[in-house]
Colleague: 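Structure incoming, see below.
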Amino acid sequence: MFVFKRMDRRRFSKAARRRLLLRPLFERLEDRLLLATVNWIGGSGDWNTVANWSDGVTNRLPNAGYDVFLDVAGGPLTIIHGSGSDTVHSLHSNRSNFVLSGGSLALSAAGIIDLAPGLFQWTGGT
């Protein structure tokens, strides 16, 4: 709710009142990256298959703005990253196995990997 006080016309010139009225009411905030989640919805399979992912809006491969969740009901599954260069914000799994066999998978600046013990296999790639 905004409250506007009536200006005392005797204290301000017409030009000064106009400058006060033309000032912006809102301050511009800095740009922010809003993180989104993307979930694995496929069975065991390849990371680079677009149909295996759902971000709630469109099916697409995860990118640096996404928190990636590999848990699927009925798991455990095996998700294989065999090629390509991908960056995600974070990677989470409590049930599904994740195999990095080729290509590269990076985390964005503040990213984390949260995989239950024994679920990560590194057989190649970076």
Side-chain angles (χ1 to χ4, degrees):
M1 180 171 158
F2 296 98
V3 177
F4 297 99
K5 294 183 180 179
R6 190 175 176 142
M7 284 190 236
D8 184 355
R9 293 178 187 253
R10 291 170 289 165
R11 293 183 50 202
F12 296 102
S13 69
K14 186 175 183 179
R17 285 194 308 268
R18 179 172 236 198
R19 280 193 306 273
L20 287 172
L21 289 174
L22 293 177
R23 284 190 311 186
L25 297 175
F26 298 100
E27 182 179 332
R28 177 166 161 64
L29 300 175
E30 70 275 3
D31 292 332
R32 300 262 173 129
L33 173 65
L34 298 177
L35 299 176
T37 61
V38 63
N39 296 297
W40 181 268
I41 59 172
S44 292
D46 183 26
W47 176 284
N48 292 312
T49 302
V50 174
N52 288 335
W53 297 102
S54 174
D55 64 358
V57 180
T58 60
N59 292 342
R60 69 176 84 180
L61 293 176
N63 61 41
Y66 282 93
D67 291 316
V68 175
F69 292 89
L70 302 176
D71 292 326
V72 177
L77 304 171
T78 300
I79 294 102
I80 300 169
H81 186 284
S83 64
S85 178
D86 297 293
T87 301
V88 297
H89 181 259
S90 65
L91 183 62
H92 306 269
S93 179
N94 290 319
R95 286 181 283 206
S96 298
N97 298 307
F98 179 70
V99 178
L100 181 61
S101 63
S104 67
L105 182 63
L107 296 175
S108 59
I112 59 169
I113 294 179
D114 178 24
L115 300 174
L119 295 181
F120 179 70
Q121 296 175 26
W122 185 8
T123 62
T126 56

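Since we're looking at a predicted model, the values are computed, not measured.
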Colleague: Can any side-chain N or O of Ser44 pair as donor or acceptor with the backbone N or O of Thr78 at less than 3.5 Å?
Modeller: yes
Colleague: Could you tell me which residues satisfy ring-ring contact (aromatic ring centres under 6.0 Å, His included) with Trp40, sequence neighbours excluded, listed by chain and number?
Modeller: Trp53
Colleague: Nearest 0.5 Å please: distance from the CG atom of Leu91 over to the CD1 atom of Ile79.
Modeller: 9.0 Å
Colleague: So, Ser85 and Ser104: side-chain donor and acceptor under 3.5 Å apart, yes or no?
Modeller: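 Short answer, yes.
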Colleague: Distance from Phe98 atom CZ to Ile80 atom CD1, nearest 0.5 Å?
Modeller: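 Between Phe98 CZ and Ile80 CD1, I get 10.0 Å after rounding to 0.5 Å.
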Colleague: Once you round to the nearest 0.5 Å, how far does OG1 of Thr87 lie from CG of Leu107?
Modeller: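 If I round to the nearest 0.5 Å, the distance is 8.5 Å.
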Colleague: What are the two closest heavy atoms between Gly42 and Leu77, and how far apart are they?
Modeller: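 Looks like O-CD1, 3.5 Å.
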Colleague: Can you list the residues that meet the side-chain hydrogen bond (donor to acceptor under 3.5 Å, both in side chains) rule with Asp71, with sequence neighbours excluded?
Modeller: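 If we apply the side-chain hydrogen bond (donor to acceptor under 3.5 Å, both in side chains) test to Asp71, skipping adjacent residues, the hits are Ser93.
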Colleague: How many angstroms lie between atom CD1 of Ile113 and atom NE2 of His92, to the nearest 0.5 angstrom?
Modeller: 10.0 Å
Colleague: What's the spacing between Asn48 CG and Asp46 CG if we round to 0.5 Å?
Modeller: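 Going from CG on Asn48 over to CG on Asp46, the span is 5.0 Å.
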Colleague: Do you reckon Leu115 sits in the same ILVMFWY cluster as Val68, going by side-chain contacts under 4.5 Å, direct or chained?
Modeller: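 Looking at the clustering, Val68 is in the same group as Leu115.
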Colleague: Same cluster or not: Val50 versus Phe69, using hydrophobic residues (I, L, V, M, F, W, Y) connected whenever any side-chain heavy atoms lie under 4.5 Å apart?
Modeller: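 Per the 4.5 Å side-chain linkage, Val50 and Phe69 are not co-clustered.
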Colleague: Identify the two heavy atoms, one from Thr123 and one from Val99, that lie closest to each other, and give their separation to 0.1 Å.
Modeller: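 Nearest heavy atoms, Thr123 then Val99: OG1-CG1, 4.1 Å.
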Colleague: Count I, L, V, M, F, W, Y as connected when their side-chain heavy atoms are under 4.5 Å apart, and connections chain through other members. Are Leu105 and Ile112 then in the same cluster?
Modeller: no
Colleague: To the nearest 0.5 Å, how far apart are CH2 in Trp47 and CG in Leu70?
Modeller: 6.0 Å
Colleague: Answer with yes or no whether the side chains of Asn39 and Ser54 bring together a donor and an acceptor at under 3.5 Å.
Modeller: no
